[in-house]
Structures are given as structure tokens and as C-alpha cells.
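Everything numeric here is computed off the predicted structure, so don't read it as measured data. Naming: A, B, ... by sequence-line order, numbering from 1 per chain.
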There are 2 protein chains.
Amino acid sequence: MSKHVKEMGVLKDHLGKHQLKFTRQRELILDAFLKQEHITAEEMYHQLARKDPHLGLATIYRTLNLFCEAGLAQARHFGTQTQYDNISHKGHHDHLICTGCGKIVEFENCDIERLQEEVATRNGFTIQTHRLELYGLCSRCRH
Amino acid sequence: MSKHVKEMGVLKDHLGKHQLKFTRQRELILDAFLKQEHITAEEMYHQLARKDPHLGLATIYRTLNLFCEAGLAQARHFGTQTQYDNISHKGHHDHLICTGCGKIVEFENCDIERLQEEVATRNGFTIQTHRLELYGLCSRCRH
DNA sequence: CTTGAAATTGATAACCCGTCTCAAAAAGAA
DNA sequence: TTCTTTTTGAGACGGGTTATCAATTTCAAG
């Protein structure tokens with residue numbers, strides 16, 4: 001069934017280290033989660049309603065938060081909702097956004113990424129991913 | 001009273017362009033807002049309770065959102081709360097966010113800022129502000 | 001294969017932040 | 001001042017997430 005052997009291992013490892021148990025629901029949710037780049041708890045609830053009509057929303061939330069703790073997911077807050085991002089699909093695209101016309105330019109900068117790692121290490125963090133947005137005026141909008 | 005002449009001008013300009021009115025509350029909230037680097041609506045509510053016990057929380061929210069539209073503030077969603085950042089504050093700091101427990105560590109890094117400027121210049125942009133968030137696990141959640 | 005302690009689940013109540021409602025008050029142009 | 005329009009304040013409301021708790025499941029020990 002599961003092609004997500006590596007991630008399943010990470011999960012089991014985390015469970016073992018925290019006296020948590022491997023359950024049918026956790027396996028089901030992880031399999032569904034890993035097929036997406038990002039998803040909300042509500043979306044997953046609807047997706048899994050077919051496979052397991054009795055799976056509760058609370059369990060989805062608890063499990064997605066568990067994935068965050070295990071380092072498999074990353075929660076991002078957008079307005080009222082929370083997106084759970086699949087860490088293994090990390091595409092590092094940063095953005096330059098023009099506040100005048102809304103133009104968006106993508107860029108990548110290794111030096112910045114290296115410095116980010118440095119900052120994280122200095123603070124005892126292990127980076128999973130990041131978000132960098134530069135807001136300003138593009139040449140046209142600057143006049 | 002107000003040392004925030006420039007920002008007050010920006011606000012009045014925005015109000016004028018949108019048939020909105022200049023009120024005692026908006027002036028009060030802007031003055032308080034500009035003294036901080038960032039603040040939540042709730043915090044401001046408590047801060048201003050002394051000066052004006054009848055100032056409503058809804059008014060704070062409405063006004064802070066107005067500041068965002070006027071370009072004086074920037075809303076940021078952290079966990080359950082919304083932080084309103086003071087755009088004019090230049091010692092603008094960034095955030096390390098733990099995806100496990102939600103802990104937030106603020107940091108500042110001049111080298112990163114310099115590289116951001118470089119990227120912007122290379123693309124013809126003039127940066128007004130930015131948002132940099134590093135997501136990962138703090139030492140405690142990594143274990 | 002049991003047994004039993006400990007963890008998990010599901011349903012829903014509770015919670016919290018932020019927005020909406022609406023009558024009363026204030027702003028501001030005439 | 002007068003009148004229209006906008007804003008305010010208080011509380012109700014709403015959506016997303018977490019807490020509660022009895023019933024169920026896991027899993028290690030026997």
C-alpha cells in the first residue's frame with residue numbers, strides 16, 4: 001500500500017520516542033497527506049470521508065499537528081485558515097512583489113539561504129522551510 | 001502632540017481619497033501604533049484603556065486594518081493571533097517559527113538585508129518592506 | 001493468546017479571534 | 001447651525017481549532 005516508506009519510518013520513529021502509538025488513522029492520514037503539496041484540515045476531512053466516514057475532524061487536526069512535531073509537515077497561517085505543507089515537496093521560490101502594480105518576480109539566492117541556516121543554528125533551530133517576500137516598487141512604478 | 005507628522009499625513013491622504021473621516025480615535029490609535037514595532041489589537045486595546053476607557057475593540061481592529069490599506073501597517077498571522085507591524089520601523093526584525101510548538105524567536109541580520117537589497121536592485125526594485133519567516137523545529141521539539 | 005495499563009479516538013462542547021450589526025454619536029461640507 | 005454621511009461602541013455572531021471524556025484500540029508483559 002504505502003509508497004511512503006521513508007516518511008512512515010520518520011513517523012514511527014517519532015511515535016516510538018514519545019510513547020505514542022501507531023494507529024490505523026495515523027497511517028491513513030499520513031498516506032493522504034503525502035500525496036499533496038499542502039492541505040487544510042478541512043480539505044483532508046472531506047477527502048477521507050469516503051475511505052473512513054467515521055474519521056473525526058479532531059483526529060485530523062491532532063494528527064496534522066503531530067506531523068509538524070515529527071518534522072513531516074509545516075503549519076502556515078493564512079488569514080483564518082491553517083495550511084499544512086508537505087515538507088518533502090519543498091520548492092524554494094522567494095518573491096519580489098511590487099506594491100504598485102502587483103507584479104511578482106521569483107528569485108533564488110543561495111547566500112541568503114546560507115545565512116538563514118546560520119541564524120537558525122545560532123538559535124537552536126533546524127529549518128524545514130522558509131518564506132521570504134520583498135515588497136517594493138518595480139522600475140516602472142517608481143516613475 | 002504628534003511627532004508622527006509624516007505618517008499622520010499619509011493617513012489623512014488616504015482618508016481624503018476614500019471619503020473617510022479623520023476622527024479622534026483614529027488619531028489616538030495611530031499615535032499609539034507608531035510608538036511600537038508591532039502590536040496585536042488586544043494589546044493595543046489594553047494600552048489605550050487608560051486614555052480612553054470607552055474605546056471599543058472593534059474600532060481597534062477596524063483602524064488597524066485601515067492602516068494596512070493606507071500602507072502604514074502590515075498584518076501578519078502568527079498562530080491564532082494577528083500582529084500588526086509598523087512599516088516605518090526600519091530596524092525591522094524577522095522571525096524563526098517552530099512548527100512543533102509555535103514558539104517564535106525574533107532576529108535581525110544585516111547581511112541578509114544587504115543581500116535582499118542586492119536582489120531587489122538587480123531586478124529593478126526598490127524595497128519598501130519585507131517579510132522573512134524561517135520555519136523549523138526548535139531544540140526542544142527536535143529532541 | 002490473554003490481560004491490562006496507557007494512549008487514542010470520535011462527537012461535540014467550548015474557546016478564541018476577528019467581523020458584523022445597528023442605533024447613537026461625530027465629522028464635515030454647505 | 002443643519003443635514004448627510006461616516007464612525008463608533010457594545011455585544012452578538014461565525015469560522016477555525018482545541019478541550020473534554022467515555023468508549024475503543026494499541027501493545028507490551030505474562
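For the OP1/OP2 pair of D:dT17 and a distance below 4.0 Å, the side-chain nitrogens and oxygens of A:N65 include no atom meeting the criterion. Of the side-chain N and O atoms in B:T23, one or more sit less than 4.0 angstrom from OP1 or OP2 of D:dT8. The side chain of A:Y61 places an N or O atom within less than 4.0 Å of a non-bridging phosphate oxygen (OP1 or OP2) of D:dT17. Distances shown here put every side-chain N or O of B:T80 at or beyond 4.0 Å from the OP1 or OP2 atom of C:dC16. Proximity of B:Q19 to the phosphate of D:dT6: a side-chain N or O atom is located under 4.0 Å from OP1 or OP2. Of the side-chain N and O atoms in B:T59, one or more sit less than 4.0 angstrom from OP1 or OP2 of D:dG9.
Distance B:I39 CD1 to C:dC17 C1': 16 Å, rounded to the nearest Å. Rounded to whole angstrom, the span from the NE2 atom of B:H14 across to the P atom of D:dT6 amounts to 14 Å. Distance, A:H77 NE2 to C:dC17 C1': 13 Å, rounded to whole Å. In this structure, A:L55 atom CG and C:dA11 atom C1' are separated by 12 Å, rounded to whole Å. In this structure, A:Y45 places its OH atom 13 Å from C1' of C:dT9, rounding to the nearest Å. Rounding to whole angstrom units, CG of residue B:L15 and C1' of D:dT5 are separated by 14 Å. Taking atom CG of residue B:L64 and atom P of nucleotide C:dG18, one finds them 10 Å apart after rounding to whole Å. Atoms CZ (B:R26) and P (C:dA27) sit 11 Å apart, rounded to a whole Å.
With 3.5 Å as the limit, one finds a donor-acceptor pair spanning the side chains of B:Q47 and B:Q36.
When distances run from any side-chain atom of A:R24 to the nucleotides D:dC27, D:dT7, C:dG10, the shortest one goes to C:dG10. Counting only heavy atoms from C-beta on, B:L20 has its side chain closest to D:dT6 among C:dG18, C:dC20, D:dT6. With C:dG18, D:dA19, D:dT6 as the choices, the nucleotide that has an atom nearest any side-chain atom of B:K21 turns out to be D:dT6.
Nucleotides of DNA chain D nearest to A:T40 and A:R62 differ in position, and the one nearer the 5' end is that of A:T40. Nucleotides of DNA chain D nearest to A:E42 and B:H54 differ in position, and the one nearer the 5' end is that of B:H54.
Backbone-only contact: B:Q25 has heavy atoms under 4.0 Å from sugar-phosphate atoms and none from a base. B:L57 comes within 4.0 angstrom of nothing in the nucleic acid, heavy atoms only.
B:L55 places a side-chain heavy atom less than 4.5 Å from the side chain of B:I29. B:D94 has its side chain within reach of B:H130: a pair of non-hydrogen atoms, C-beta onward, lies under 4.5 Å apart.
The minimum heavy-atom distance linking A:R26 with A:L11 is given by the pair O-CD2, 4.4 Å.
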(message) Show, in sequence, the C-alpha distance, side-chain angles and deciding distance for B:D31 and B:K35, and conclude whether the salt bridge (charged side-chain N to carboxylate O under 4.0 Å, His left out) test is met.
(response) CA-CA 7 Å; B:D31 263 332; B:K35 287 179 187 152; over 6 Å; no

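You'll find the ring centres of B:F33 and B:Y84 outside the 6.0 Å limit.
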